[in-house]
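What follows is one structure encoded as structure tokens, with my remarks underneath.
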Amino acid sequence: FEGLKAFTHEDGSVHVFRPSENAKRLQSSCERTLMPVVPHDVFLNAVNEVVRDNIEYVPPYGTGGSLYLRPLLFGSGPRIGLQPADEYTFIIMVIPVGDYYKGGL
């Protein structure tokens, strides 16, 4: 699982939970699937930018909600086959989500 979440804190600031660890997981997945590794700084800058661009969708503090971020890296070249792609696209999808377990565990 490569997804991560951004939460609003009591003071109104928004923080992303462990983005550096998520960057390492994506890098590991890239190496395992023989895709080019997304550099750590590129990943962190993309996470910060996508959260900043979607800040109005981060649920307010106390709601149990968060902004779910799902990084994707996929081959986007013109050929399909059993060989590495000629080019790759890195994107981060975002969606506001509620508390996964209503009322807690």
Is it true that, when you exclude Glu10 itself, more than 12 heavy atoms of the residues, nucleotides or ligands shown sit nearer than 6.0 Å to its CD?
no

Could you check if a side-chain atom of [X] sits within less than 4.5 angstrom of a side-chain atom of [Y], using non-hydrogen atoms only?
| X | Y | result |
| --- | --- | --- |
| Phe43 | Leu26 | yes |
| Phe17 | Leu4 | no |
| Thr8 | Pro60 | no |
| Tyr88 | Val38 | no |

Grouping I, L, V, M, F, W and Y whenever their side-chain heavy atoms are under 4.5 Å apart, do [X] and [Y] come out in a common cluster?
| X | Y | result |
| --- | --- | --- |
| Phe7 | Val50 | no |
| Phe90 | Val37 | no |
| Ile95 | Ile91 | no |
| Phe74 | Met93 | yes |
| Val42 | Val16 | yes |

If I take atom [atom1] from residue [X] and atom [atom2] from residue [Y], how far apart are they, to the nearest 0.5 angstrom?
| X | Y | atom1 | atom2 | result |
| --- | --- | --- | --- | --- |
| Arg18 | Lys5 | CZ | NZ | 14.0 Å |
| His40 | Asn45 | NE2 | CG | 10.0 Å |
| Glu49 | Leu44 | CD | CG | 13.0 Å |

What are the two closest heavy atoms between [X] and [Y], and how far apart are they?
| X | Y | value |
| --- | --- | --- |
| Gly75 | Ala85 | CA-CB, 3.6 Å |
| Leu67 | Pro96 | CD1-N, 3.8 Å |
| Thr89 | Ser76 | OG1-OG, 2.7 Å |
| Pro36 | Cys30 | O-SG, 3.5 Å |

Is the closest side-chain donor-acceptor distance between Ser29 and Arg32 under 3.5 Å?
yes

Pick from Asp53, Val51, Leu69: which one makes a side chain to side chain contact (heavy atoms under 4.5 Å, CB included) with Ile92?
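It is Leu69, the one option of Asp53, Val51, Leu69 that forms the side chain to side chain contact (heavy atoms under 4.5 Å, CB included) with Ile92.
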
Can you check whether Thr63's main-chain N or O pairs, donor with acceptor, with Asp99's side chain at less than 3.5 Å?
no

Please lay out, stage by stage, how Asp11 and Tyr61 fare under the test side chain to side chain contact (heavy atoms under 4.5 Å, CB included).
CA-CA 8 Å; Asp11 66 0; Tyr61 175 77; over 6 Å; no

